[in-house]
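Proteins get letters first, then strands, A, B, ... in listed order; numbering begins at 1 in each.
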Amino acid sequence: MYRHLERRLAQHVRDFLRRTYDIDLPRIVIEQPPKVEFGEYALPLAFELAKKLRKAPRKIAEEIVAGIGPVEGFTKLEVAGAGYINAYINRQELAAALVKGEEPRSDTPAGKILVEHSSINPNKAAHIGHLRNAVLGDTFVRLLRFAGREVDVQNYIDNTGVQVADVVVGFLHLEKKSRAEIEQLTRQLRFDYYCWDVYARTSQWYEQDKQNLQVRSQTLHALEEGGNETAAIAELISIAVLRRHLETMDRLDIEYDFLPRESEILHLHFWDAAFQKLKDGGVLFYENEGKNKGCWVMRRAGTSKTKSAGILANDKQDSEDSEVSEEDQKVIVRSNGTVGYVGKDIAYHLWKFGLLGRDFGYRKFYLYPNGHQSWISSANGEPDHPHFGDVSEIYNVIDARQAEAQNTVIEALRGLGYNQQADHYTHFSYEMVALTPRCAAELGYRLSEEDKAKAYIEVSGRKGFGVKADDLLDTLIASAKKEVDARHAQLSDSERAAIAEQIAVGALRYFMLKFTKSSVIAFDFREALSFEGETGPYCQYAVVRATNIFRKGGFDPDHFGKPSGSLASNEFAEHLQGEASNELWELWLAASKTSYIVDQCIATTEPAYLAKHAFQLAQQFNYFYHRHPILTEADEGRKKFLLYTVAVVRRELIRALEVMGITTPPVM
RNA sequence: GGGCGCGUAGCUCAAACGGAUAGAGCAUCGGAUUUCUAAUCCGAGGGUUGCAGGUUCAAUUCCUGCCGCGCCUACCA
């Protein structure tokens with residue numbers, strides 16, 4: 001509702017400016033006043049217009065307020081300060097709409113969106129860094145779906161890369177395991193933990209003797225080639241680890257629709273098709289000299305190309321391409337003819353946009369307990385399958401360190417003339433999760449003096465240094481279970497366990513969302529394990545409290561006031577008018593912002609705003625809860641109004657938490 | 001060296017598009033009619049927003065320079 005009123009106000013102002021001053025502002029800035037006494041929206045536009053109209057801002061503001069006329073849904077506009085225009089919402093109208101759950105639908109753009117996230121190398125257990133990726137990605141998917149968009153979720157599996165090769169080397173050359181033995185091992189509980197150690201040991205083994213690296217490249221070659229014993233073992237391992245990753249993420253209610261694998265990019269010759277296009281389009285060029293001699297290279301994204309973009313003739317550019325300095329070159333095809341990661345990624349992204357002219361084969365892979373089917377790529381697929389790819393927008397949830405690679409893919413699309421697709425290619429970039437030195441020490445890692453002095457230390461799968469996702473979840477659940485046990489001894493153990501799990505997931509998902517993407521999370525158990533203050537459980541608890549009021553009062557919170565809308569809007573009036581009601585009104589206002597916040601999260605690809613909003617709503621509710629005993633309220637009319645307040649806040653809080661993938665326990 | 005990002009309270013972080021008195025949580029200290037369960041609430045202290053300039057009616061936000069930190073800069077992914 002809040003969003004809807006904002007748009008209406010903006011449109012009204014825009015029309016008025018055009019009519020009266022013949023001015024077209026590209027954007028009408030609308031802010032939220034610091035206090036509700038100043039209304040619900042504030043427009044600083046008089047300051048902006050002062051120069052154009054050569055009048056004092058205050059004067060302009062007064063003119064606008066006097067001339068603009070009534071705006072539906074608002075009671076008044078008012079000039080404040082040096083020239084702000086404050087707009088006041090018609091409170092009882094908004095409240096009545098909220099009770100009914102009315103939300104004017106805004107037109108959603110057509111076209112399917114593809115979100116790629118997680119994309120964990122299938123060679124070891126997932127760690128907290130992967131958790132941040134998956135939670136951000138999954139929440140963004142939920143945000144888009146909330147906004148009415150159709151979304152496909154993909155998790156790219158690099159099953160033929162160096163990391164898988166390394167763990168294969170570990171099993172074959174260090175562990176000396178046979179294929180049968182490995183197959184046996186894949187069936188053990190948490191096989192990914194086993195791989196975690198094997199991978200770390202293999203990395204050490206390479207460092208002991210650089211000669212050992214030859215084994216790696218032989219293995220890697222075999223994987224890329226396919227159709228051999230080594231590749232079969234790699235398949236065994238990577239599939240088993242992938243299943244573990246899906247299980248881990250499912251604990252957090254994170255699911256995928258499709259799992260495209262690098263092996264199919266290779267074996268279905270996606271790259272060949274892309275390579276041809278890139279050569280034809282002049283994006284790639286062959287280097288005849290220097291250190292990149294014999295490679296197909298392209299200009300690295302972000303290196304200066306045209307200072308006067310679009311002015312120089314394009315054909316002149318082509319002849320200059322070969323003059324791209326060595327350090328500005330990105331090798332796409334190595335001199336031995338093999339293609340690097342960026343090249344495969346370009347092919348994959350041409351496919352995503354339906355520009356490649358080839359498709360994967362598809363097989364059913366993983367059936368979630370809720371019945372959702374996840375598909376995997378395959379050289380020869382099943383005849384009947386859903387249609388993936390061929391989308392109009394994509395978001396890639398990939399950490400900030402890969403920004404350059406991502407930009408190179410985008411530049412390749414542009415180079416091929418696919419500007420529209422490039423414009424709808426978003427690198428959803430976020431910073432890594434690192435460990436505080438204290439946390440690392442607690443985990444038993446020996447630190448150098450240099451590391452101890454740092455604010456945080458980067459996790460490293462290669463070194464086996466990090467916190468595993470399942471371990472963190474287990475710890476959180478155990479910790480939550482202790483609290484639940486202490487509070488609800490009367491419940492059965494399975495009930496308590498279920499609640500503990502909801503709380504643990506709420507705590508974890510909220511923790512991963514509360515930081516803005518650009519902030520490095522310095523992970524610390526004390527903070528992550530907290531259930532108090534700005535946390536998921538705090539928000540869940542607010543909902544539980546709201547539910548309790550209804551339960552104690554003998555009402556159904558989900559249908560309170562619903563069927564007949566028995567409260568006429570004028571009944572709200574007396575409770576929402578005047579200074580004294582501002583505190584309550586602020587709660588209603590906050591509850592009206594869900595879709596507004598969701599839009600903002602999508603526009604800025606920043607889910608943290610939603611986390612912040614849910615917390616603030618919960619915080620305001622707790623304050624309200626403390627100040628207003630409801631069930632003992634003597635005035636029946638007021639009691640009813642307070643119950644409506646709780647019902648609306650509760651509903652909106654649940655909705656906001658759902659978008660973050662957080663459910664609420666029946667009791668806490 | 002070049003590219004990207006960051007620097008805000010003791011600690012961890014907010015403040016979208018420049019806007020009204022820079023806000024939360026944690027930690028510390030003090031308090032809450034024993035009630036719809038305190039995983040809660042209220043209060044207190046705590047700030048030269050890294051430094052120096054500039055643009056603007058208005059700068060934590062934009063520009064320039066400097067200082068500090070991180071990441072990227074492989075024929076790795």
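- The base of B:rC75 is paired with the side chain of A:Ser335 by a donor and an acceptor separated by under 3.5 Å.
- A close approach under 4.0 Å does not occur between any side-chain nitrogen or oxygen of A:Tyr341 and OP1 or OP2 of B:rA77.
- A sub-4.0 Å separation between OP1 or OP2 of B:rU12 and a side-chain N or O of A:Lys514 is absent.
- Considering only the side chain of A:Arg334, B:rC76 comes nearest among B:rU40, B:rA20, B:rC76.
- Using a 4.0 Å heavy-atom cutoff across all strands shown, A:Glu31 reaches at least one base atom of the nucleic acid.
- Ring-plane geometry between A:Phe515 and A:Phe511 is classed as perpendicular, the angle between the planes exceeding 60 degrees on a 0 to 90 degree scale with a lower cut at 30.
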Scan nucleotides 57-63 of chain B against the protein and return all N/O pairs shorter than 3.5 Å with their distances rounded to 0.1 Å.
{"residue": "B:rC57", "atom": "OP1", "partner": "A:Lys51", "partner atom": "NZ", "Å": "3.3"}

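- Within residues 597-612 of chain A, the residues approached by RNA chain B to less than 4.0 Å at the level of any non-hydrogen atom are A:Gln600, A:Tyr609, A:Lys612, in residue-number order.
- Heavy-atom nearest nucleotides on RNA chain B were determined for A:Asn292 and for A:Lys454, and the one closer to the 5' end corresponds to A:Lys454.
- Residue contacts for A:Lys293: at a heavy-atom cut-off of 4.0 Å it reaches a base atom on one of the strands shown.
- Taking 3.5 Å as the limit, the base of B:rA16 and the side chain of A:Tyr596 contain a donor-acceptor pair of atoms between them.
- Taking every heavy atom of residues 619-629 of chain A and every atom of RNA chain B, pairs under 4.0 Å involve A:Gln619, A:Asn622, A:Tyr623, A:Tyr625, A:His626, A:His628, A:Pro629, by number.
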